[in-house]
2 protein chains.
Amino acid sequence: MDKLREGGFLISKIKQVSARIFDKKLKEYEITDLNTAQGRIIFSLWQQDHVPIKDLVSRTALSKTSLTSMLDRLVQMDYITRKPDEADKRKTVIALTEKSKQLKKRYEAVSLDMLAVFYEGLTEKQIDDFETTLNHILNNLNTYEEGYK
Amino acid sequence: MDKLREGGFLISKIKQVSARIFDKKLKEYEITDLNTAQGRIIFSLWQQDHVPIKDLVSRTALSKTSLTSMLDRLVQMDYITRKPDEADKRKTVIALTEKSKQLKKRYEAVSLDMLAVFYEGLTEKQIDDFETTLNHILNNLNTYEEGYK
DNA sequence: TCATTATAGTACTATATAGTACTAATGTCA
DNA sequence: TGACATTAGTACTATATAGTACTATAATGA
């Protein structure tokens with residue numbers, strides 16, 4: 001592949017605009033104290049709770065240093081708790097609080113609303129193909145980054 | 001569309017990992033004082049130079065407030081210049097310096113290297129379809145955000 | 001069992017990003 | 001022509017994000 005593509009540039013732009021819109025929608029749905037980035041962390045905890053920070057690194061694709069300070073804030077706002085793992089004291093276990101569990105339905109409503117904008121005018125088949133390709137690319141990148149270490 | 005998709009979540013992750021890898025590649029290619037985000041601005045100036053900040057807003061999908069401070073830094077590092085537009089004094093014209101023009105070839109080499117990782121294992125047809133869908137989505141988002149104002 | 005290495009997480013620092021509120025210049029219309 | 005609205009851009013502030021360097025715990029192997 002030697003043609004100069006612009007996929008990465010497009011992804012950056014989409015991410016940027018999406019985050020701005022999603023932030024506004026969160027406010028509209030009266031989720032006033034969470035932003036898109038924090039939502040991403042909570043979202044991945046809904047899928048699996050009580051996980052060490054290392055797992056959150058791979059599940060959110062954020063660096064562990066980025067996560068540390070974001071988790072600080074989420075603890076402060078009572079969305080999550082931090083507890084040392086008794087079995088392996090190097091680890092810190094992150095868990096959801098009642099407050100964040102109760103948020104789930106409303107957050108999913110925002111997501112659906114957002115997805116409607118995102119995928120407007122595309123067929124189910126196109127969306128399926130698109131998400132398959134996204135997963136493929138993410139896998140490429142993860143493999144590559146893993147090899148760096 | 002009422003199935004809960006994860007396109008936005010995937011895009012966020014891809015953007016995150018891509019940026020980390022791209023930053024490392026820039027260093028490998030000895031572009032030591034530019035990062036991915038700054039590169040994105042210079043990249044769009046290579047496509048069209050001598051533009052007001054407002055144009056850069058749409059071309060990079062960054063907010064105008066984000067751009068202000070990034071442009072500050074790029075001026076400081078002698079990659080761009082700021083000049084008031086004589087015809088309409090509200091406007092500031094951004095232009096590339098010799099330094100940034102000379103960077104173009106090396107930057108494109110990094111991009112190609114990056115794209116090889118990004119699209120590894122996909123056919124040209126798949127990539128074409130994928131980028132078409134990306135453009136479609138970006139267009140959806142821009143239209144929506146425009147309607148907000 | 002102790003020295004070495006690997007793993008998990010954090011403190012500190014720098015840049016990226018956006019929102020709110022502002023200034024200055026321009027355009028518009030009675 | 002003067003009041004008002006619009007447009008372009010910036011100052012200030014807060015959060016997101018990552019890198020480097022560090023500490024603490026655990027695993028390994030002579």
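Chain letters run A, B, ... following the sequence lines, proteins first, then strands; residues in each count from 1.
- Note: B:Y144 and A:F22 fail the aromatic proximity criterion, with ring centroids not under 6.0 Å apart.
- How far CD1 of A:I80 is from CG of A:L96: 8.0 Å, rounded to the nearest 0.5 Å.
- Electrostatic pairing of A:D129 and A:K125 counts as a salt bridge here, judged by a charged N lying under 4.0 Å from a carboxylate O.
- For the atom pair B:S12 OG and A:I11 CD1, the distance stands at 10.0 Å (nearest 0.5 Å).
- Between the NZ atom of A:K24 and the P atom of C:dT17 there is a distance of 17 Å, rounded to whole Å.
- Between the CZ atom of B:R20 and the C1' atom of D:dT17 there is a distance of 9 Å, given to the nearest Å.
- Between the CD atom of B:E131 and the CD1 atom of B:I127 there is a distance of 7.5 Å, given to the nearest 0.5 Å.
- In summary, A:K25 and A:D113 engage in a salt bridge, as defined by a charged side-chain N under 4.0 Å from a carboxylate O.
- The aromatic rings of B:F118 and B:F130 sit tilted, their planes meeting at an angle between 30° and 60°.
- Counting to the nearest Å, the C1' atom of D:dA8 and the CD1 atom of B:I94 are 12 Å from each other.
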**Asked** Can you give one letter per nucleotide of nucleotides 4-16 of chain C, going 5' to 3': B for a protein heavy atom under 4.0 Å from the base, S for sugar-phosphate only, - for none?
**Response** ---BSBBB---SS
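- Ring planes of B:F9 and A:F43: perpendicular class, angle over 60° (limits at 30 and 60°).
- The rotation axes computed at either terminus of the helix from C:dT1-D:dA30 to C:dA30-D:dT1 lie 20° apart, taking five pairs at each end and rounding to 10 degrees.
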